[in-house]
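Written below as structure tokens is the structure these notes are about.
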Amino acid sequence: MQVYLDNHATTPVDPRVLEAMTPYFLTKFGNPASSSHSFGWEAAEAVRVARTQVAALIGAQANEIVFTSSATESNNLAIKGVVADRAGAHLIVTTIEHSAVLDPAARLEAKGAAGVAVTRLGVDREGRIHLKELAAALRPETVLVSIIAANNEIGVVQDMEAIGALVHAHGALLHSDATQAVGKIPVDVNAWRVDLLSLSGHKLYAPKGVGALYIRADTPLVSQLDGGGHERGLRSGTLNVPGIVGLGEAARLAQQEMAAEAVRIGRLRDRLRAAITGGLEGVRVNGSSDHRLPHNLHLTFEGVEAELLMMSAHEIAVSSGSACTSAKRASSHVLRALGMSDAEAHCSLRFGLGRFTTEAEIDYAAARIVEAVGQLRPLSLP
Ligand SMILES: *Cc1c(COP(=O)(O)O)cnc(C)c1O
């Protein structure tokens, strides 16, 4: 049996999403920018509906949604688009951001001449930022604060409402990379008081290659991709209509099913944790238990290299870092931010449950992990 427990890296397309998309490849293939015939009108109407569906999932207005190719692009547009050429601008991010926030921030900082300063806010052992530290980091010249709503490795959720109130009171703009939160837990751009929010299709059962950026009305933002003036001039490029239709349908399904799905997945996650920690000594759970996606379990197996464990239990698809860093061999910056040593980080695995995870799969995965750790541990003794 193959068990896919890497749903933070990507999710399969929901068959209902694929069904909604299919006509937009074949018969309804028009360009929504073609305003002179019905092929164009049909495509434009589909994009309009999808925009409404995505907006509804996060409590936004449809005209505040800009479609992009990915959360990576959304994060780049949000950060570079706000900071733009503002000399002396100050930017605050956390140390547990995805590289799609950390790297644009670092590039702005490296430009030096423009004088962009970046503060990287640390987290506690549970993976949570402290409001007092955020308050202390805010400066008069802080233009943007970017906080990951739900972390892609340890699943830890930040208190976005309190963060939003604090940043708003200070007068800075707030961006959230909510790629792992949207569709999994309630997201409300007004309750959170965010000005910008990134999401990605392939993390919520829509295809890869489509994402969106929520931009609160009147937020000053400089386009990073100029051309035909699509998306109100903020993101030129012919729209990925099938992908956008898929993202819309995925958002609609998530809105309907999220509450029940979170309960079901949370129970499965707890079952997985209980089976593994009940069957083995020396297993630690990483990240806050109270403020966490129900979909995520992150464990350290004392004395067992995660890479070996994954090879030994290879039918269980999990990850030892985020998908993006697992090509490199450096230990995860998120785990180091929690205060874990490189050795501990290299003995850690992320389990990401999803819509299609079954109880039988969880029981099988737990049994295989317990068995593999049992086999590897004696080998790793001196
Ligand atoms: C997956 C992910 C991204 C990148 O999304 P893409 O659409 O693949 O570019 C960014 N941030 C977080 C938190 C993610 O989980």
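Residues: numbered from 1 along the sequence shown. In listed order, ligands and their atoms are each counted from 1.
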Ligand-residue contact atoms, ligand 1 with [X], heavy atoms, under 4.0 Å:
{"X": "Ser70", "value": "6 (P), 7 (O), 9 (O)"}
{"X": "Ile148", "value": "13 (C)"}
{"X": "Ser200", "value": "6 (P), 7 (O)"}

Is there side-chain contact between Trp192 and Leu197, with heavy atoms separated by less than 4.5 Å?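 Yes, close enough: below the 4.5 Å cut-off.
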Are Cys347 and Val304 close enough that some pair of their side-chain heavy atoms sits under 4.5 Å apart?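 Not in contact.
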Ligand 1 and [X], any nitrogen or oxygen pair closer than 3.5 angstrom?
{"X": "Asp177", "result": "yes"}
{"X": "Thr72", "result": "yes"}
{"X": "Ala150", "result": "no"}

Hydrophobic cluster of Leu225, others only, ordered by chain and residue number, side-chain cut-off 4.5 Å: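 Answer for Leu225: none, a lone residue.
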What residue pairs, at least two apart or across chains, pass side-chain hydrogen bond (donor to acceptor under 3.5 Å, both in side chains) with a residue in residues 21-35?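 Matches after skipping sequence neighbours: none remain.
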Which atoms form the tightest heavy-atom contact between Asp270 and Arg273, and what is the distance?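 It is OD1-NH2, 3.3 Å.
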Heavy-atom contact under 4.0 Å between His202 and ligand 1?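 Judged by the 4.0 Å heavy-atom criterion, His202 does count as contacting ligand 1.
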Derivation and outcome, ring pair (Phe, Tyr, Trp, His ring centres under 6.0 Å), residues Tyr4 and Phe356: CA-CA 9 Å; Tyr4 186 73; Phe356 302 107; over 10 Å; no
Ligand 1 versus Glu73: contacting region, heavy-atom distance under 4.0 Å: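 Neither part.
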